[in-house]
Amino acid sequence: MLQVNNILAEKEKYVAGLKKRNINNATALLNEVIQLDESRKKTQQELDSNLAEANTIAKQIGALMKQGRKEEAEQIKTRTAELKQLNKELADRLNEIQSELTHKLYNIPNVPHESVPAGTSADDNEEIKKAGEIPQLHGQAVPHWDLIKKYDIIDFDLGVKIAGAGFPVYKGKGARLQRALVNYFLDEAVKAGYAEVQPPIVVNEASGYGTGQLPDKEGQMYHVQAENLYLIPTAEVPITNLYRDVILNESELPVKNVGFTPCFRREAGSWGAHVRGLNRLHQFDKVEIVQIRKPEESYQALNEMCAHVEHLLNSLNLPYRILKLCGGDMGFTSALTYDFEVYSAAQEKWLEVSSVSNFETYQANRLKLRYKDENKKSILLHTLNGSAMALPRIMAAILENNQDENGIAIPEVLHMYTGFERI
RNA sequence: AGAGGAGUGGCGGAGUGGUCGAACGCGGCGGUCUUGAAAACCGUUGUACCGCAAGGUACCGGGGGUUCGAAUCCCUCCUCCUCUGCCA
């Protein structure tokens, strides 16, 4: 969430930033926050000085009791009774103000980086690069949902039988290809200096709030009611939350983690005729890279992460484009996001396979993730993450783009992982 | 899952109603000494909020309660350990 002190210091900048996200009452919104913070301070001052008085009296009573001056002690107690009542009210009011304030802040998205274009939808995203060659498919080429049936490598009906729509069963070479991609992505990340972690795939409420899925995306996560746990929508949640309530030493920076997990998304309301095959699932595999950086290094790190994703796409021979998301299409917590899309040649569509974001201090502020600088001052860190990469759409593109009359060619870098070169 | 025990500062570990943000040890940082280092000695060493500052307030697993006053007593939740049971 945003920091009130920064809002105070640079209000105009914040208003302008939020306007890019099409929040038109930004001024009013921020004023409310500022006002709440003021009354928070006032109330706390009052409470603190009352508490100080109560503490003093309590000490006096203690001293009097020791000397056996019971009557005098009893007399002073009338004042503490008053204070007690008063302080209870003040504390309640402070709590109320505080929760109203956090509630407000929870519902204000991050302020976009200055380079983020204005816009209202995906149509306004800025294409900043296009690379790779779009393959010419043979006359009988078909989309991946036909290919997976033809070669019996992914079975949606079986998934429906045991779970529901959007939970495919990978079989034979399909399963092996999936595993190959996971291993390849993990190995490449480790080569690039990321430390591998294997986190739980359920998280508690505090973690959901830490990275901003709660309360913003409450309805998009599967909820395990009996335990009050959420199935993770992305490894970002557990991996970033490893550093919740942590003060790092400067020498521990930068943090670079990579993790492979299944991801679960309810995708409530986002199904339609255009969603077929692997394009959108309730459960999918993803390798995620996460970095924690000093503020002054975070944009350099963002570029580094983008370069890593590009390297993966190039090595798999997939045509791709990079979009800089506009204010209207960016995630709630992000300051700057690049989306990577691959071209899936049979369905003739661009599919998002990676999203790389810098959250600046927005998550860190919720997470209380800081480091100590050389003056022993606590500084909020910047968090970043990116998919490297999401599997199903990569799979779709590989299958479609590499098909010929006799089968499907597997990209060369994967051969040592699959153990076969064709499907 | 049942029975018992325990959760204190970076770590170890005292403290069972007042003078405790918390003894002591280790570690860290600064200094003395040394050609340098080690040892020894001296000093220092949590986080957040409010305040120009002096200073104040809160925090001893989380939440609630008793009391003039709670690390200390009560309730509840969480976590860990031991034994028993079960299980991949």
Side-chain angles (χ1 to χ4, degrees), chain A residues 1-9 33-106 198-210 214 224-230 238 241-253 255 262 361 363-381:
Chain A
M1 62 190 164
L2 299 176
Q3 298 157 78
V4 181
N5 286 342
N6 292 351
I7 295 175
L8 269 171
V33 166
I34 290 168
Q35 256 167 34
L36 274 171
D37 192 54
E38 268 165 20
S39 56
R40 189 203 107 235
K41 285 182 190 174
K42 256 180 76 182
T43 311
Q44 193 178 56
Q45 274 167 26
E46 208 177 323
L47 177 61
D48 281 358
S49 73
N50 280 354
L51 285 172
E53 190 186 345
N55 286 343
T56 311
I57 294 176
K59 275 179 193 155
Q60 285 172 5
I61 292 175
L64 290 170
M65 295 291 237
K66 226 165 225 175
Q67 298 165 28
R69 294 153 71 180
K70 273 201 172 145
E71 274 172 38
E72 285 171 70
E74 286 303 324
Q75 224 156 20
I76 314 187
K77 279 193 191 175
T78 56
R79 174 61 182 153
T80 51
E82 257 173 67
L83 279 173
K84 216 176 167 181
Q85 178 58 27
L86 200 58
N87 287 346
K88 173 131 184 56
E89 284 165 25
L90 278 171
D92 287 348
R93 190 164 2 132
L94 183 62
N95 263 334
E96 240 170 74
I97 294 170
Q98 202 115 37
S99 67
E100 201 185 333
L101 180 58
T102 23
H103 181 77
K104 278 241 154 67
L105 287 172
Y106 272 152
Q198 228 179 82
I201 59 172
V202 292
V203 292
N204 54 28
E205 239 181 346
S207 300
Y209 277 98
L214 293 174
V224 183
Q225 219 149 18
E227 318 289 344
N228 194 23
L229 295 170
Y230 293 89
N241 272 282
L242 296 175
Y243 299 89
R244 172 154 45 85
D245 290 317
V246 167
I247 300 180
L248 291 165
N249 289 321
E250 202 164 356
S251 60
E252 296 173 276
L253 292 166
V255 170
T361 60
Q363 290 182 330
N365 190 31
R366 286 194 190 183
L367 294 161
K368 297 205 187 70
L369 167 54
R370 293 155 291 175
Y371 84 103
K372 273 223 157 68
D373 71 2
E374 64 268 24
N375 303 317
K376 301 211 165 182
K377 218 182 141 202
S378 295
I379 313 272
L380 281 177
L381 286 158

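Proteins come first, then strands; the chains are lettered A, B, ... in the order of their sequence lines, and each starts at number 1.
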Contact nearer the 5' end of RNA chain B, comparing A/Ala81 with A/Arg40: A/Arg40

Could you state the atom-to-atom distance from NZ of A/Lys77 to P of B/rC68 in whole Å? 5 Å

Choosing from B/rC50, B/rG56, B/rC68, which nucleotide comes nearest the side chain of A/Ala58? B/rC68

Touch check for A/Ser378, heavy atoms < 4.0 angstrom, all strands: base, sugar-phosphate only, or nothing? sugar-phosphate

If I take atom NZ in residue A/Lys70 and atom P in nucleotide B/rC68, what distance separates them, rounded to the nearest angstrom? 13 Å

Determine the Euclidean distance between corresponding C1' atoms of B/rU79 and B/rC73; express it in Å to zero decimal places. 23 Å

Side chain of A/Lys372 only, please: which of B/rU57, B/rU47, B/rG18 is the nearest? B/rU47

Does the side chain of A/Arg370 get closer than 4.0 angstrom to OP1 or OP2 of B/rU47 through an N or O atom? no

With A/Tyr371, which of A/Lys377, A/Glu250, A/Glu252 fulfils side chain to side chain contact (heavy atoms under 4.5 Å, CB included)? A/Glu250

Paired to B/rA22 by Watson-Crick or G-U wobble criteria (both distances under 3.5 Å) is none

Hey, which of A/Asn95, A/Leu36, A/Leu105 is the one that makes side chain to side chain contact (heavy atoms under 4.5 Å, CB included) with A/Glu100? A/Leu36

Rounding to an integer number of Å, can you tell me how far A/Gln67 CD sits from B/rU19 P? 16 Å

Please state the P separation for the pair B/rG15 and B/rG65 - nearest whole angstrom. 29 Å

Using a 4.0 Å heavy-atom cut-off across all strands, classify A/Ile57 as base, sugar-phosphate, or nothing. nothing

Would you measure the distance from the C1' atom in B/rA1 across to the matching atom in B/rG85 and give it in whole Å? 8 Å

How close or far is atom C1' of B/rG51 from atom CD of A/Glu46, stated in whole angstroms? 16 Å

Rounded to whole Å, how long is the line connecting atom CG of A/Leu51 with atom P of B/rA70? 11 Å

Can you tell me the distance, in whole Å, between the CG atom of A/Asn249 and the P atom of B/rU47? 12 Å

Looking only at atom C1', what distance separates B/rU66 and B/rU84, rounded to whole Å? 37 Å

Same-atom distance (P) from B/rG13 to B/rU19, integer angstrom: 25 Å

Just wondering, are more than 12 heavy atoms of other shown residues or ligands nearer than 6.0 Å to CD in A/Gln198? no

Give, for atom CD1 of A/Ile34 and atom CG of A/Leu8, the distance between the pair rounded to the nearest 0.5 Å. 4.5 Å

By the 4.0 Å heavy-atom rule, please label A/Arg79 as base, sugar-phosphate, or nothing. nothing

Mind checking the C1' distance from B/rA48 to B/rC87? Whole angstroms is fine. 44 Å

Grab the CD-C1' distance between A/Gln60 and B/rU19 for me, whole Å please. 14 Å

5' precedence on RNA chain B between A/Lys41 and A/Ala54 (nearest-nucleotide basis): A/Lys41

Does B/rU82 pair with anything, Watson-Crick or G-U wobble, both distances under 3.5 Å, and if so, with which nucleotide? B/rA3

Applying the Watson-Crick and G-U wobble criteria at under 3.5 Å, what pairs with B/rG36? Answer none if nothing qualifies. none

OP1, OP2 of B/rU57 versus side-chain N and O of A/Asn55: anything below 4.0 Å? yes

So what's B/rC52 paired with, Watson-Crick or G-U wobble, going by both distances under 3.5 Å? none

Complementary nucleotide of B/rG43, counting Watson-Crick and G-U pairs under 3.5 Å: B/rC29

Does a side-chain N or O from A/Lys84 land closer than 4.0 Å to OP1 or OP2 of B/rG69, or not? yes

Does a donor on one side chain and an acceptor on the other come within less than 3.5 Å for A/Gln85 and A/Glu89? yes

Complementary nucleotide of B/rA71, counting Watson-Crick and G-U pairs under 3.5 Å: none

Could you work out the separation of B/rC59 and B/rA3 based on their P atoms and round it to a whole Å? 33 Å

Is A/Glu96 salt-bridged to A/Arg93, cutoff N-O under 4.0 Å? no

For the pair A/Glu82 and A/Arg79, find out whether any cationic side-chain nitrogen is under 4.0 Å from an anionic carboxylate oxygen. yes

d(CD1, A/Ile247; P, B/rU45) in whole Å: 17 Å

Using atom P in both nucleotides, what's the gap between B/rG55 and B/rA40 to the nearest angstrom? 35 Å

